[in-house]
Q: 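Would you mind keeping the following structure in view while I ask a few things?
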Amino acid sequence: MKKEAKYSSPYEFRGRIPLKHAIPLGIQHVLAMFVGNLTPLIIICGACGITASDPALYVTLLQNAMLVAGLVTLVQLFSIGPIGGQVPIIMGTSSGFLGVMRSVAASMGGGVIAYGAILGASIVGGLFETVLGFFIKPLRKLFPPVVTGTVVLAIGLSLISVGVNSFAGGSGAKDFGSLENLLIGAAVLAVIVLLKHFTKGITSTSAILFGIIFGYILCAVLGMVLPTTGVDADGAEFTKAWVLKWAQIRDAAWVSIPRLLPVKPTFQMEAIVPIAIMFIVTAVETVGDTAGCIEGGMGREATDKELSGAVTCDGLGSSFAALFGVLPNTSFSQNVGLVAMTKVVNRFALAVGAVFLVLCGLSPKLAAVVSIMPQSVLGGAAVMMFASIAISGIQLITKYGITNRIITIVSVALGVGYGLGATAGAIAGLGTNINLVFGGSGIVPAALLAIVLNLLIPKTAEDRAAEEAAAHLAELKAQKLARQEKEDQ
């Protein structure tokens with residue numbers, strides 16, 4: 001009983017919680033990002049032809065991706081000097097670079113040579129982003145709540161379709177949108193909602209984990225009572241997306257030591273320039289992710305130190321990842337959504353998840369357990385998590401209330417910036433380079449327009465009054481928390 005009294009809440013970043021609670025809370029973070037962490041590497045390895053030409057190297061790169069994600073996450077959580085924001089963020093392989101890296105791979109003819117050039121460009125670009133991180137404080141005026149909120153909202157909106165794709169079985173699945181996939185996703189979502197709001201304790205805070213475990217069990221049962229294969233339009237037989245591939249666990253090795261420099265980086269300007277530009281883009285996204293995570297999980301704005309540390313960790317983490325043959329590592333929006341939904345920001349719990357990622361990088365057997373998760377199971381959790389990111393963006397935007405100025409900035413940034421960027425082919429006439437940076441998700445053009453409009457549109461007396469009122473409320477809230485902490489002591 002005396003030991004229990006020393007424990008604090010999982011809703012406190014530096015709080016101490018029991019290991020039996022930290023393990024499920026940490027593992028649910030890993031489950032939320034595991035597939036997304038490997039997907040960019042799978043796509044780029046395929047574009048470079050490594051998947052078929054050198055399967056042993058391919059497996060090594062996937063293994064290293066898990067190890068690097070865990071190590072960089074630990075740096076983000078605890079920081080090494082100015083590197084790391086000490087914020088509740090999970091790091092992983094970024095999908096934001098896919099467009100530009102596929103273009104680089106195609107222009108260089110693919111192969112290990114092209115992949116090496118991508119890694120060399122990631123080293124240079126990561127160092128470039130690190131430098132940007134040290135200048136966040138003077139640039140902070142460019143990112144008031146209306147701007148960061150718009151970026152966070154754009155991130156959430158861009159991910160909702162990703163969650164829905166998983167919910168329906170995963171893009172490219174032969175049985176995409178099948179009744180089985182949809183029912184599995186719906187069942188997982190229902191279990192999460194029930195546990196979250198109708199139970200207490202660990203089953204409520206770890207609702208995502210228990211929902212996913214339920215999804216595994218459901219798929220295992222369905223595999224015994226329903227047909228596991230189908231026939232496509234060409235008459236070819238395929239295995240349904242929800243079927244658990246137990247053989248992958250059986251065939252995986254228990255222990256495997258990661259390799260340093262499995263692919264030698266090379267430095268080619270045709271790869272460095274476009275990838276370095278994308279590092280500016282990912283810095284903006286990281287500012288948005290960090291702001292959304294702090295606002296959604298802690299109910300306050302991110303500090304200059306937190307934003308700077310988060311961006312520098314992005315940069316150096318990406319350069320470090322390239323030494324292990326892994327693509328750039330950045331803040332994972334999926335996990336920002338998980339923090340916003342559960343409000344669990346405990347550093348110890350997230351660190352347990354990071355250690356689990358490291359263990360996955362050392363034990364392919366453990367990694368295989370997670371890697372066989374059906375997309376519809378992940379989607380059942382993802383649709384809610386990603387929508388939570390959008391809600392965090394709305395909270396930031398409305399921090400000082402809704403004025404005509406804020407309505408104009410957000411409406412134009414989302415309607416024109418996000419709308420054009422997220423609509424395939426809408427800016428095709430602007431050239432390949434513009435499309436690589438501004439096309440795809442719509443996050444970057446939305447951020448750019450929000451920044452420009454915030455600088456150009458003057459504040460009215462209504463805006464200033466709203467900001468003063470919000471600042472006064474924030475001060476009262478801080479005083480109340482200080483009194484509570486003093487009473488607890």
Side-chain angles (χ1 to χ4, degrees), residues 3-34 37 69-80 84-92 192 195-197 199-213 289-303 305-307 309-310 313 331-360 381 384-385 388-389 391-392 395 477-478 481-482 484-485 488-489:
K3 186 177 180 181
E4 287 293 334
K6 296 179 182 178
Y7 291 133
S8 58
S9 167
Y11 307 110
E12 296 176 18
F13 181 66
R14 290 179 173 81
R16 181 169 175 261
I17 62 174
L19 182 62
K20 64 181 180 180
H21 291 171
I23 289 175
L25 291 173
I27 290 178
Q28 74 177 358
H29 269 284
V30 175
L31 294 176
M33 58 79 70
F34 195 88
N37 181 48
L71 294 175
V72 178
T73 297
L74 290 172
V75 175
Q76 187 70 281
L77 291 171
F78 294 95
S79 79
I80 300 176
Q86 294 194 29
V87 289
I89 284 178
I90 300 292
M91 307 292 286
I192 291 171
L195 291 177
K196 177 69 179 172
H197 295 285
T199 66
K200 295 180 179 180
I202 194 64
T203 55
S204 177
T205 53
S206 299
I208 296 287
L209 174 62
F210 289 110
I212 289 175
I213 291 174
D289 277 341
T290 306
C293 192
I294 298 298
E295 179 69 31
M298 300 181 178
R300 63 171 176 83
E301 284 189 54
T303 64
K305 184 178 180 181
E306 288 169 337
L307 291 176
C313 184
S331 57
F332 243 60
S333 298
Q334 291 93 319
N335 297 85
V336 173
L338 182 54
V339 168
M341 190 182 84
T342 64
K343 309 299 181 185
V344 174
V345 296
N346 185 264
R347 176 164 61 178
F348 178 54
L350 271 69
V352 169
V355 170
F356 185 78
L357 273 172
V358 172
L359 293 176
C360 285
M384 188 173 178
M385 289 190 299
S388 296
I389 299 176
I391 298 300
S392 296
Q395 290 175 328
K477 183 178 179 181
L481 288 173
Q484 287 178 344
E485 290 176 1
D488 291 340
Q489 292 174 353

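Since the model is a prediction, treat every value here as computed from it, not as a measurement.
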Q: Locate the shortest heavy-atom distance separating G92 from A69; write the atom from each residue and the value.
A: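 Heavy-atom minimum between the residues: CA-CB, 4.2 Å.
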Q: Measuring from atom CG of N37 to atom CD1 of I90, what distance do you get when rounded to the nearest 0.5 angstrom?
A: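 Spacing of CG (N37) from CD1 (I90) equals 10.5 Å.
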Q: Side chain of N346, backbone of E12: donor and acceptor closer than 3.5 Å?
A: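 Present.
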Q: Only counting residues at least two apart or in another chain, list the ones meeting side-chain hydrogen bond (donor to acceptor under 3.5 Å, both in side chains) with T73.
A: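 For T73 there are no side-chain hydrogen bond (donor to acceptor under 3.5 Å, both in side chains) partners, ignoring immediate neighbours.
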Q: Closest heavy-atom contact between A302 and A291?
A: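 It is CB-CA, 4.3 Å.
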Q: Quick one: side-chain hydrogen bond (donor to acceptor under 3.5 Å, both in side chains) partners of Q395, sequence neighbours excluded?
A: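 With sequence neighbours excluded, Q395 shows a side-chain hydrogen bond (donor to acceptor under 3.5 Å, both in side chains) to no residue whatsoever.
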Q: What pairs with V339 under side-chain contact (heavy atoms from CB on, under 4.5 Å), at least two apart in sequence or on another chain?
A: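 Once residues adjacent in sequence are excluded, the partners of V339 under the side-chain contact (heavy atoms from CB on, under 4.5 Å) criterion are H29, C293, V345.
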Q: So, does Q76 use its side chain to make a donor-acceptor pair with the main chain of G85 at under 3.5 Å?
A: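 Yes, because the side chain of Q76 sits within donor-acceptor range (under 3.5 Å) of the backbone of G85.
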Q: Please identify each residue that fulfils side-chain contact (heavy atoms from CB on, under 4.5 Å) with A207, with sequence neighbours left out.
A: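 Scan of A207 (side-chain contact (heavy atoms from CB on, under 4.5 Å), adjacent residues dropped) gives I192, L195, K196.
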Q: To check you understand the geometry: which heavy-atom pair defines the closest contact between T290 and A310, and what is its length?
A: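 In this case the closest contact between T290 and A310 is OG1-CB, 3.5 Å.
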Q: Mind checking the CG-CD1 spacing from L25 to I208? Nearest 0.5 Å is all I need.
A: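 That separation rounds to 11.5 Å.
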Q: Would you be so kind as to tabulate the donor-acceptor pairs closer than 3.5 Å made by side chains of residues 347-358, with sequence neighbours excluded?
A:
{"from": "R347", "atom 1": "NH1", "to": "L77", "atom 2": "O", "distance (Å)": "3.2"}
{"from": "R347", "atom 1": "NH1", "to": "Q86", "atom 2": "OE1", "distance (Å)": "3.3"}

Q: Hey, could you give me the CG/CG distance between D289 and L307, rounded to the nearest 0.5 Å?
A: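 Reported value, rounded in 0.5 Å steps: 11.0 Å.
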